[in-house]
Number of protein chains: 2
Amino acid sequence: MSRPRPTLAAVAARAGVALSTASLVYSGSERVAPGTRERVLGAAAELGYGGPDPVARSLRSRRSGIVGAVVGERLMYAFRDPVAVLLLDGITEVLGPLGVGLLLLPGDRERSGPSVAQLSRVPLDAAVYATCGLEDDPALEHLRRRGVPVVAVEGPVADDLVLVGIEDRAGSAALAEHLRDLGHRRVAVVAMPLRLDGTRGPVDAARRSLVHYRDVRERLLGVEQVLGSVPAVEAAANAVEEGERAARALLDRPAATRPTAVVAQSDLLAAGVLRAAAALGLAVPGDLSVVGFDGVDLPWLAPAVLTTAVQPTQEKGRAAGRAAAALIEGRRPDDLVLPVELRVGTTTGPAPAAR
Amino acid sequence: MSRPRPTLAAVAARAGVALSTASLVYSGSERVAPGTRERVLGAAAELGYGGPDPVARSLRSRRSGIVGAVVGERLMYAFRDPVAVLLLDGITEVLGPLGVGLLLLPGDRERSGPSVAQLSRVPLDAAVYATCGLEDDPALEHLRRRGVPVVAVEGPVADDLVLVGIEDRAGSAALAEHLRDLGHRRVAVVAMPLRLDGTRGPVDAARRSLVHYRDVRERLLGVEQVLGSVPAVEAAANAVEEGERAARALLDRPAATRPTAVVAQSDLLAAGVLRAAAALGLAVPGDLSVVGFDGVDLPWLAPAVLTTAVQPTQEKGRAAGRAAAALIEGRRPDDLVLPVELRVGTTTGPAPAAR
DNA sequence: CTCGGCCGTCGAATCGATTCGATAGGTTGA
DNA sequence: TCAACCTATCGAATCGATTCGACGGCCGAG
């Protein structure tokens with residue numbers, strides 16, 4: 001057991017062939033005689049040889065078969081978000097059959113990016129900024145120097161990155177128009193975190209200027225483009241409880257000043273808003289209309305159907321996977337922006353008559 | 001851009017030192033003169049050298065800094081389970097600071113294990129069977145031949161694996177005792193999948209003998225050990241909807257033959273049972289008591305508090321991470337079984353009087 | 001003034017494979 | 001029968017670092 005693992009050289013020696021011939025057997029070359037092949041495979045079996053060492057193979061072929069997924073915060077938080085999970089699933093769906101594995105690169109408690117120390121020890125063919133991405137992330141600079149191509153999903157924008165995104169702004173605008181057409185005039189936004197520092201509460205101009213996430217900024221702009229400036233409350237995380245908390249701050253006041261509609265920047269936050277509304281005894285959509293964003297499956301919302309902008313999350317993941325695969329092969333794929341679709345559910349209705 | 005990346009040799013040449021000296025600089029050795037160090041670092045900066053190639057480094061050091069996480073099914077299913085997410089989070093919490101990355105090894109549609117083709121291309125220092133693990137998984141055999149040490153969390157049991165688990169049986173037995181003490185005599189089980197083949201429905205002896213998951217088997221045994229043989233319905237997946245579906249089959253019948261308590265093998269399934277009960281107009285715990293397992297945070301269950309066996313999921317993950325780290329260093333850690341704790345909530349009560 | 005020791009640097013072997021050009025042996029056509 | 005060709009196998013260079021033993025020069029001690 002503690003014996004050193006046999007190498008291909010040992011196998012070749014045992015089979016009585018040259019190292020290069022044995023290698024040919026494993027690389028599936030046609031140019032090796034059936035008898036020889038069997039002899040090599042036989043020797044390998046006898047020695048308990050488990051196949052060519054991936055590291056040595058990578059060294060020569062300049063390819064590790066590993067793509068890094070930068071998820072930006074602790075897994076337990078990142079994966080609470082169904083969008084992140086679906087996205088990763090789409091990526092692996094494409095990469096898996098190609099024999100490429102996905103390496104998780106979570107940030108730790110404090111920083112939002114992965115540690116450069118870890119990054120520099122891991123052989124990456126490409127990296128995907130999956131759920132996050134500060135535009136001044138030091139890890140990004142490191143990847144550049146290493147020559148690791150990067151796909152950014154809703155992430156940082158730069159010329160040397162391939163971008164896969166969705167119509168955040170248009171989708172948000174469509175939701176805002178829907179509310180405007182229903183007569184809503186007092187509309188508020190519950191925003192996803194503008195940056196990962198645990199801040200929550202009303203968003204003022206100063207805070208507003210600190211937005212680090214592209215999708216957050218775009219979704220905000222989409223609403224403002226239709227409704228003008230609207231009050232916004234930031235959630236400390238993209239999670240149901242945070243949505244509820246933010247919504248309470250917005251809704252726990254007399255009807256005359258209370259918003260008649262809330263635009264949550266994600267379905268998760270919208271679920272929280274619905275819970276807050278229920279807790280405060282507000283009827284949806286009678287007293288309050290609520291919209292989300294993403295179109296994720298929230299089974300426990302039933303029978304309510306959330307009005308939201310449905311994005312093709314899994315397809316976005318597949319696109320990111322395809323982009324990474326292309327980059328690995330040395331191609332440079334085009335940026336891609338996927339459409340979102342307005343889904344009108346049962347959580348929006350005409351604005352209550354002004355009193 | 002398309003220029004080949006500079007190598008350490010190029011940096012050394014530029015700095016006018018030997019390759020080995022340059023290497024010393026990057027390996028943080030004390031035995032290099034400050035002036036030399038600066039000259040090398042300066043040359044590296046000028047050339048845009050991003051640090052030593054991880055692959056080459058791994059080849060020599062026989063260490064890749066990568067641990068594989070076998071999650072057994074598609075990510076989108078695996079990560080719907082909060083237990084899986086928390087477990088992985090615990091693992092990365094330990095491994096991350098050690099500079100070790102976690103590589104996801106999902107199964108594909110059909111097989112439950114990762115493909116050997118993928119496995120054999122990836123440099124692994126160790127592997128963790130995280131949420132799954134067939135005892136006859138071909139991937140396991142492959143890892144053995146490759147000499148990759150394996151940590152099994154609730155997974156396959158074998159002498160050459162390090163096991164990290166919880167008191168599945170005792171926890172289940174405690175739940176069963178709780179129900180027995182409350183006077184329940186007609187108790188049914190909603191079981192997690194016995195194996196990953198999409199089967200759902202009543203579990204007969206034949207099916208029962210096919211159980212491939214240790215935790216499922218143990219939890220079943222725990223209940224039987226207290227209550228004797230009880231009817232069980234298998235869910236096709238560990239998910240809320242599947243729990244609901246299984247529970248409907250169990251509960252949609254006259255009160256005289258309906259179970260008065262349901263033991264769900266996970267909190268997710270228990271949530272489904274609660275939904276089924278609500279849909280059928282059954283009061284909990286008046287008409288029906290429900291228990292789960294895991295102790296995960298299900299915010300949308302509020303204000304109900306699920307009676308369940310709370311396992312230290314995250315600590316289990318940390319333990320698995322520590323075990324993997326130990327194995328990488330050549331140590332052989334002991335198996336570990338963590339305790340679970342009965343949490344009595346509001347979903348269990350005295351059995352309804354027999355009519 | 002000289003010798004032992006120490007510190008910083010260098011050479012060379014090594015990790016385990018891939019891959020291309022070369023070669024030996026056998027076949028085929030003229 | 002011999003040249004021309006194939007084909008299966010082999011040798012050797014290569015990927016990019018790490019690491020250990022050796023070496024040269026500078027210092028202090030005798």
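Every chain is numbered from 1, with letters handed out A, B, ... down the list of sequences.
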S.K.: Not counting sequence neighbours, which residues clear ring-ring contact (aromatic ring centres under 6.0 Å, His included) with A:Tyr77? List them please.
M.R.: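 A:Tyr77 satisfies ring-ring contact (aromatic ring centres under 6.0 Å, His included) with no residue once adjacent residues are dropped.
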S.K.: Answer with base, sugar-phosphate or nothing: what part of the nucleic acid does B:Val55 contact at a heavy-atom distance below 4.0 Å?
M.R.: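 The residue B:Val55 makes no contact with any strand.
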S.K.: Closest approach of A:Ala320 and A:Ile91, non-hydrogen atoms and distance?
M.R.: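 Reported closest heavy-atom pair: CB-CG1, 4.2 Å.
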S.K.: Tell me the ring pair (Phe, Tyr, Trp, His ring centres under 6.0 Å) pairs involving residues 32-62 of chain A, sequence neighbours left out?
M.R.: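 Checked against ring pair (Phe, Tyr, Trp, His ring centres under 6.0 Å) - neighbours excluded - the pairs reaching residues 32-62 of chain A are A:Tyr26-A:Tyr49.
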S.K.: Tell me the side chain to side chain donor-acceptor pair (under 3.5 Å) pairs involving residues 321-331 of chain B, sequence neighbours left out?
M.R.: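 Counting only pairs at least two positions apart or across chains, the side chain to side chain donor-acceptor pair (under 3.5 Å) contacts touching residues 321-331 of chain B are B:Glu315-B:Arg322, B:Glu329-B:Arg331.
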S.K.: In residues 57-66 of chain B, what residues come within less than 4.0 Å of DNA chain C, judged by heavy atoms?
M.R.: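 Nucleic-acid contacts, sorted: B:Leu59, B:Arg60, B:Arg62.
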S.K.: For A:Thr7 and B:Ala33, find the nucleotide of DNA chain C closest to each by heavy atoms; which residue's nucleotide sits nearer the 5' end?
M.R.: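 Per heavy-atom nearest nucleotide, the more 5' residue is B:Ala33.
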S.K.: Scan residues 43-53 of chain A against DNA chain D and write down, sorted by residue number, each residue with any heavy atom closer than 4.0 Å; if none is found, say none.
M.R.: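 When residues 43-53 of chain A is checked for heavy atoms under 4.0 Å from DNA chain D, there are no hits whatsoever.
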S.K.: Minimum heavy-atom separation for A:Ile166 and A:Pro312, please, with both atom names.
M.R.: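 Between these two residues, the closest heavy atoms are CG2-CD, 4.4 Å.
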S.K.: Can you name the salt bridge (Lys or Arg N to Asp or Glu O under 4.0 Å) partners of B:Asp81, sequence neighbours left out?
M.R.: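 B:Asp81 satisfies salt bridge (Lys or Arg N to Asp or Glu O under 4.0 Å) with no other residue.
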S.K.: Not counting sequence neighbours, which residues clear side-chain hydrogen bond (donor to acceptor under 3.5 Å, both in side chains) with A:Asp197? List them please.
M.R.: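 By the side-chain hydrogen bond (donor to acceptor under 3.5 Å, both in side chains) rule, A:Asp197 matches A:Thr199, A:Arg207.
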S.K.: Please report, to 0.1 Å, the donor-acceptor pairs under 3.5 Å made by any side chain of residues 61-69 of chain A, with sequence neighbours excluded.
M.R.:
from	atom 1	to	atom 2	distance (Å)
A:Ser61	OG	A:Arg57	O	2.8
A:Arg62	NH1	B:Asp53	OD2	3.3
A:Arg63	NH2	A:Ile328	O	3.4
A:Ser64	OG	A:Ile66	N	3.3
A:Ser64	OG	A:Pro123	O	3.0
A:Ser64	OG	A:Asp125	OD1	3.1

S.K.: Using chain A heavy atoms and a threshold of under 4.0 Å, write down where along DNA chain C the contacts begin and end, 5' to 3'.
M.R.: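 First and last nucleotides in contact are C:dG16 to C:dT19.
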S.K.: With each end axis built from five pairs of C1' atoms, what bend angle do you get for the helix from C:dC1-D:dG30 to C:dA30-D:dT1? Round to 10°.
M.R.: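 End axes: 50° apart.
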S.K.: Measure from CZ on A:Arg31 to C1' on D:dC6 and round the result to the nearest Å.
M.R.: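 Answer to the nearest Å: 9 Å.
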S.K.: Going by side chain to side chain donor-acceptor pair (under 3.5 Å), name the pairs with one or both residues in residues 97-107 of chain B, residues two or more places apart or in two chains.
M.R.: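 As it turns out, there is no side chain to side chain donor-acceptor pair (under 3.5 Å) pair with a partner in residues 97-107 of chain B once direct neighbours are skipped.
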S.K.: With heavy-atom distances below 4.5 Å as the criterion, would you say the side chains of A:Val70 and A:Val128 are in contact?
M.R.: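 Contact flag for A:Val70/A:Val128 side chains = no.
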S.K.: Please report the shortest heavy-atom distance between B:Pro54 and A:Arg146, naming the atom on each side.
M.R.: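 Nearest heavy atoms, B:Pro54 then A:Arg146: CG-NH2, 3.6 Å.
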S.K.: Could you pull out all residues at least two apart from B:Arg14 that satisfy salt bridge (Lys or Arg N to Asp or Glu O under 4.0 Å)?
M.R.: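 Counting only residues at least two positions away or on another chain, B:Arg14 forms a salt bridge (Lys or Arg N to Asp or Glu O under 4.0 Å) with B:Glu46.
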